[in-house]
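The next block holds one structure in the form of structure tokens; read it before the comments.
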Amino acid sequence: MITVEHLFGGYSSKPIVQNVSFSVKQGELFGILGPNGSGKTTLLKMVSGIVPFSEGVINIKGKELKHYSPKELAKVVAVLPQMTSHEFSYTVKETVSLGRYAHQKGFFRAWSDQDEQAVQKAMQQTGTETFAEHSLLELSGGERQRVFLAQALAQEPEILLLDEPTNHLDLSFQKDLLDLLKKMTKELGLTVVSIFHDLNLASLYCDRLLLIEKGQVHGLGIPSEIVKEEHINSVYETKVHQRPHPEVPKPQMSILPQRTNQDEVCFQIDEGLVETSEEMITLNSPILLKTLSAGVIGAGWGWNRSFVNRHVDKNYNHDHFKQEMHDFLTAQGFDCNETVGMMTAVFLDTAAFRLVEHEGASVFAMVTAGVGNAVDVSRACEHDRAMLPGTINTWVFANGRLTEEAFVQAVMTATEAKVKALFEKGVKDPLTGSLATGTSTDSVLIAATQRGEEQAFAGTISPLGQAIGKAVYECTIESLEKSKNRRCEK
């Protein structure tokens, strides 16, 4: 649809755009990225025919750009510039109607039913029909942006060129606009080339990305190839952190702010922060801890400061247990946005705590262990789905800075230590009679202060892994013994 080969050009004797080559297929949403002054807008203006180029070739639909007349090009390509000025106070509909100019014929251009339908459709697509008779001067910057997009869509182009189209739009309209453009590329075969300021939006919506640095191509490819820390750190000269989007397979970037001295002050998570009652065990941290958990509240990745292990009756059964837990924590004064909450039918006086320090690694662990519903994972298919009272809840707090790899390895190491303790105590699956590996409702939490020395790994033979293994194993053994003694006393 569009082919650009060895393009040079700009506004001065020294080319702003230098030896840029790329192609865009029909129906593709193609994004252009780069810092301010990198040549993005100049490149887009060259492709649209607004700015001449000194060297290279631009082909539109197999025909060189220089062979198009302005009106012929306007039937194929529509442009939404970054900033649009206007001389007169047109109404919204009048402004959108200007997009039909290329399709009108003769000296006395007649307004056709097709023109009217195209204008109405463009206004509906952009949500501008509700203020069609308003003057542009009455509109906000975001509303104007939508009007000029409607004008471009009314042109019924095959190719749409956009320069930061989400500027001035609030969050909902950014999403609506990009959803619309994506839909049009897939359903109508519209080809979209757009400059993006927001890396995350570009990654989410674009099929491919062109990353420009100082007028030259730094990278060209699918988002997972371009939106990488090494590329963005280099081109934008700032520190960012890449994470996958939680719902779609696209990378996302987070800016890393400058850390203050206060952010680096180290302290230790230990038993002194724990409070225990018959109803719950709580640990309240003075700072937010990075967490990975399987809690009823606060599951997945997060940043939390409060940790609650709540005792519930063995007959607890609630259809909306997450909401019930949320309501319980809120009533107790906890902020559920910063809280990990777990449940257990185990009596909380059987909890075991342990601080283990080993070769520079420091770990505080807490375990509540009941095995009324012990299960051999290798024979779990023989069980029904009844949730009997039991549950081994394991908390691991690392006093250090963990990588994401270390977080995941910590879950594995803590699980291995728990299973070893169950084997050591001879805990069996009551249905199969084989050794149990856990219970049907076990839960785990890994939390880290993210201060102090970095712990890159938490596998079983790493210093952090050794500390986790010792702490979790010993706590599980102790809690199992306390639970057994409690049952014997009854």
Side-chain angles (χ1 to χ4, degrees), residues 1-2 4 7 9-11 16-17 20 22 24 28-53 58 60 65 70 73-74 76-86 95-96 98-99 122 125-126 128 136 139-155 157-170 173-182 184-185 190-218 220 226 235-236:
M1 201 68 175
I2 303 174
V4 176
L7 197 65
Y11 302 98
I16 296 175
V17 173
V20 170
F22 65 92
V24 184
E28 192 171 19
L29 205 169
F30 187 88
I32 302 175
L33 300 175
N36 292 337
S38 60
K40 304 186 301 296
T41 298
T42 302
L43 174 61
L44 196 71
K45 287 181 176 179
M46 290 178 180
V47 174
S48 68
I50 297 173
V51 172
F53 50 93
I58 298 175
I60 307 289
L65 181 63
L73 187 62
V76 179
V77 179
V79 181
L80 177 65
Q82 187 178 42
M83 297 297 292
T84 306
S85 59
H86 53 277
T95 304
V96 176
L98 293 175
Q125 288 173 327
T126 55
T128 55
L136 278 179
L139 305 184
S140 68
E143 288 170 335
R144 290 183 192 178
Q145 187 81 334
R146 288 156 54 199
V147 170
F148 291 119
L149 175 62
Q151 183 186 85
L153 293 176
Q155 201 170 316
E158 296 178 59
I159 299 170
L160 185 58
L161 306 181
L162 309 170
D163 193 347
E164 298 189 20
T166 57
N167 267 10
H168 311 297
L169 297 181
D170 63 29
F173 280 115
Q174 287 183 29
K175 179 184 180 300
D176 290 346
L177 168 61
L178 293 171
D179 282 345
L180 170 63
L181 293 176
K182 191 70 173 179
M184 294 178 75
T185 62
L190 178 67
T191 301
V192 178
V193 179
S194 179
I195 292 172
F196 282 89
H197 179 73
D198 190 313
L199 300 176
N200 291 331
L201 287 178
S203 175
L204 279 175
Y205 284 94
C206 292
D207 298 301
R208 288 189 302 137
L209 295 169
L210 173 67
L211 180 59
I212 298 290
E213 181 181 18
K214 297 177 181 178
Q216 299 180 343
V217 175
H218 179 94
L220 174 63
I226 303 303
V235 173
Y236 287 85

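Only heavy atoms go into these numbers, but all of them, side chains included; no hydrogens, no water, no symmetry mates. Note that the structure is a prediction, hence the values are computed from the model and not measured.
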Quick one: pull up [atom1] in [X] and [atom2] in [Y] and give me the separation to the nearest 0.5 Å.
X: Ile32; Y: Ile212; atom1: CD1; atom2: CD1; value: 7.0 Å
X: Phe196; Y: Asp163; atom1: CZ; atom2: CG; value: 11.0 Å
X: Leu169; Y: Asp176; atom1: CG; atom2: CG; value: 9.5 Å
X: Leu199; Y: Tyr236; atom1: CG; atom2: OH; value: 4.5 Å
X: Lys40; Y: Glu164; atom1: NZ; atom2: CD; value: 6.0 Å
X: Arg146; Y: Thr126; atom1: CZ; atom2: OG1; value: 7.0 Å

Which pair of non-hydrogen atoms, one from [X] and one from [Y], has the smallest distance, and what is that distance?
X: Pro157; Y: Ala152; answer: CD-O, 3.4 Å
X: Leu80; Y: Pro165; answer: CD2-CB, 4.3 Å
X: Thr128; Y: Ala150; answer: OG1-CB, 4.1 Å
X: Leu220; Y: Ile226; answer: N-CD1, 3.4 Å
X: Leu33; Y: Ala202; answer: CD2-CB, 3.7 Å
X: Gly215; Y: Val20; answer: O-CG2, 3.4 Å

Report yes if some heavy atom in the side chain of [X] is under 4.5 Å from a heavy atom in the side chain of [Y]; otherwise report no.
X: Leu29; Y: Cys206; value: yes
X: Ile60; Y: Val76; value: yes
X: Val79; Y: Val77; value: yes
X: Phe53; Y: Thr42; value: no

**OP:** Given side-chain contact (heavy atoms from CB on, under 4.5 Å), test Leu153 with Met184 step by step and report yes or no.
**Re:** CA-CA 10 Å; Leu153 293 176; Met184 294 178 75; 3.8 Å; yes
Can you sort out the partners of [X] under side-chain contact (heavy atoms from CB on, under 4.5 Å), two or more places apart, ordered by chain and number?
X: Leu139; result: Val92, Phe131, His134, Leu136, Glu143, Arg144, Val147
X: Lys175; result: Asp179, Tyr205
X: Val51; result: Tyr11, Lys45, Met46

Subject >> His197, NE2 atom: more than 12 neighbouring heavy atoms under 6.0 Å >> reply: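 Result for NE2/His197: open.
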For [Y], does its backbone N or O pair with a side-chain atom of [X] as donor and acceptor, under 3.5 Å?
X: Gln155; Y: Ala74; value: yes
X: Gln151; Y: Thr95; value: yes
X: Glu213; Y: Ser38; value: no
X: Glu158; Y: Thr191; value: no

Original post:
Where do Leu149 and Leu160 land on the side-chain contact (heavy atoms from CB on, under 4.5 Å) test, with the steps shown first?
Top reply: CA-CA 10 Å; Leu149 175 62; Leu160 185 58; 4.3 Å; yes
Subject >> Single hit among Ile159, Leu162, Leu178, Val24 for side chain to side chain contact (heavy atoms under 4.5 Å, CB included) with Val192 >> reply: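 Considering Ile159, Leu162, Leu178, Val24, a side chain to side chain contact (heavy atoms under 4.5 Å, CB included) with Val192 is found only for Leu162.
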Original post:
When you look at Ile2 and Val193, which way does the side-chain contact (heavy atoms from CB on, under 4.5 Å) test go after all the steps?
Top reply: CA-CA 10 Å; Ile2 303 174; Val193 179; 3.9 Å; yes
